[in-house]
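Some notes on the structure that comes next.
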Amino acid sequence: LNLMLLIMYLKLGLRIPCKKICDFLFTCYGVKLSKGGVIGVLKQLAREFGDYYAHLEKIIKIARIKHTDSTSWRIAGKNYFAWVLIACGVVIYKIRKRNNSRVPLTVFSRKQKGMILVIDRHSALRALAKKAGFLLQLCWSHILDDSKQLAKNFGAEGRYVHKKLKEIYGLDKGLNHKGTLEHVEQLKGEIFELTQRHYKHLTVWKFVKNLYYRDVENLFRFVTD
C-alpha cells in the first residue's frame, strides 16, 4: 500500500510522467514496474478510495461556505484542467477536459441559495455562482496579486492602487469577522474613493472601476461573517 500511495503522489502530487516514475522506482528501490503498471495502480486506488471520495463530496455539498478554483493540467501532452473544491477542511480535486461551471456543479448542485462561494474574479466562476444561487466572496489574495501587477507595470498609479488596497484589506482583517454593516459601508467608501482619482493608464482605471461598480457587494462579506 505504501508503494501504491508513493506512486500516486509522484504522479498526481509531483506530476512526474509514468516512464520517469518507473525509472525512479527501479533506480532507488530495484522495483520493476511498467508504464501500464503505474496506470493500473492508479485505477486500483481510485476504486478502493471511491466510497471515501464520495463521502468527502457530500461534506462539500452541504457546507455553508465553499471555495473553488481551477488551473491548467497537462496529461500526455494534452490540455486538461484541475479543479479544486474546498470546504470544512476537506480538499478534493477533479481533473477534467473542460474549464466551465459544469464541473463544480456536479458536486455543489444547483440548490445553493444563501450559501457562500469564495472565488477569484473569473467569469466562469461567476456563472457558476449565478446558476447555483450562491452569494459571492471574492478572494482578496487574487485581488492583491492583480494590484501587485499594476504596481509593477504602471508606475506611480499602479503602486498607489496596490498600496491602498493593502491598507483596506488590513482594515478588513483587523475586524476579525466581527465588523458591523456600518464598517462594511465605510470599506465600500474606501473602494469608491479609488474611482475618484484621474488615471492616465486605461488598465488601472478599468481595474478600479470594476472593483467598485461590478464587485464591491462581494468584497466584504467576511467582515461580518
Side-chain angles (χ1 to χ4, degrees), residues 1-120 122-139 141-142:
L1 179 59
N2 285 337
L3 176 61
M4 296 171 74
L5 293 174
L6 173 61
I7 290 170
M8 180 179 69
Y9 174 66
L10 294 173
K11 185 70 177 72
L12 298 178
L14 301 183
R15 303 178 71 171
I16 298 176
C18 293
K19 177 64 169 59
K20 290 189 176 181
I21 291 175
C22 297
D23 293 343
F24 169 76
L25 292 175
F26 182 72
T27 301
C28 294
Y29 303 111
V31 174
K32 294 183 179 180
L33 194 66
S34 67
K35 180 179 176 180
V38 171
I39 299 299
V41 164
L42 295 175
K43 287 182 176 180
Q44 187 175 351
L45 285 172
R47 286 194 301 271
E48 293 300 322
F49 285 105
D51 291 342
Y52 182 60
Y53 186 88
H55 169 68
L56 297 180
E57 284 186 319
K58 290 179 181 178
I59 293 175
I60 287 179
K61 182 177 180 178
I62 65 175
R64 187 175 70 90
I65 300 172
K66 318 176 205 297
H67 303 244
T68 190
D69 202 357
S70 65
T71 189
S72 58
W73 189 275
R74 300 277 287 178
I75 298 178
K78 296 182 179 180
N79 290 326
Y80 286 74
F81 295 91
W83 281 85
V84 61
L85 312 169
I86 305 171
C88 298
V90 172
V91 182
I92 66 172
Y93 298 89
K94 287 187 176 292
I95 300 173
R96 296 291 185 266
K97 289 184 177 181
R98 300 187 182 278
N99 190 30
N100 57 36
S101 60
R102 292 178 61 184
V103 179
L105 277 176
T106 60
V107 178
F108 294 155
S109 82
R110 293 176 181 266
K111 299 178 181 180
Q112 297 292 323
K113 187 175 181 179
M115 304 293 195
I116 296 175
L117 184 65
V118 184
I119 60 170
D120 64 15
H122 192 275
S123 58
L125 299 179
R126 292 178 186 273
L128 158 67
K130 188 174 182 179
K131 290 176 182 178
F134 280 109
L135 298 172
L136 284 181
Q137 168 62 59
L138 296 176
C139 173
S141 180
H142 281 90

For the atom pair [atom1] ([X]) and [atom2] ([Y]), what is the distance rounded to the nearest 0.5 Å?
| X | Y | atom1 | atom2 | answer |
| --- | --- | --- | --- | --- |
| His67 | Asp120 | NE2 | CG | 13.0 Å |
| Phe108 | Ile62 | CZ | CD1 | 13.0 Å |
| Arg64 | Leu117 | CZ | CG | 13.0 Å |
| Ile116 | Leu135 | CD1 | CG | 6.0 Å |
| Ile75 | Arg15 | CD1 | CZ | 8.5 Å |
| Ile16 | Tyr9 | CD1 | OH | 8.5 Å |

Under the side-chain contact (heavy atoms from CB on, under 4.5 Å) test against Lys131, which residue among Arg126, Arg110, Arg102 passes?
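It is Arg110, the one option of Arg126, Arg110, Arg102 that forms the side-chain contact (heavy atoms from CB on, under 4.5 Å) with Lys131.
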Locate the shortest heavy-atom distance separating [X] from [Y]; write the atom from each residue and the value.
| X | Y | result |
| --- | --- | --- |
| Leu33 | Cys22 | O-SG, 3.0 Å |
| Thr68 | Val84 | OG1-O, 2.9 Å |
| Gln112 | Lys61 | NE2-O, 3.3 Å |
| Ile65 | Ala87 | O-CB, 3.5 Å |
| Leu42 | Lys11 | CD1-CG, 3.7 Å |
| Ala63 | Cys88 | CB-SG, 3.6 Å |

Contact between [X] and [Y] at the side-chain level, heavy atoms closer than 4.5 Å - yes or no?
| X | Y | answer |
| --- | --- | --- |
| Arg74 | Asn79 | yes |
| Lys32 | Phe26 | yes |
| Asp69 | His142 | yes |
| Leu3 | Ile7 | yes |
| Leu125 | Leu136 | no |

Take Phe81 and Arg96 through the test side chain to side chain contact (heavy atoms under 4.5 Å, CB included) and record every step on the way to the result.
CA-CA 5 Å; Phe81 295 91; Arg96 296 291 185 266; 5.7 Å; no
Evaluate side chain to side chain contact (heavy atoms under 4.5 Å, CB included) for Ile119 paired with Leu128, printing each intermediate quantity in order.
CA-CA 10 Å; Ile119 60 170; Leu128 158 67; 5.6 Å; no
Can you list the steps and then say if Trp83 with Asn99 is a side chain to side chain contact (heavy atoms under 4.5 Å, CB included)?
CA-CA 8 Å; Trp83 281 85; Asn99 190 30; 3.3 Å; yes
Any chance NZ of Lys20 has more than 12 other-residue heavy atoms, nucleotides or ligands included, within less than 6.0 Å?
no
Could you please spell out the steps behind the side chain to side chain contact (heavy atoms under 4.5 Å, CB included) verdict for Lys94 and Thr106?
CA-CA 10 Å; Lys94 287 187 176 292; Thr106 60; 4.3 Å; yes
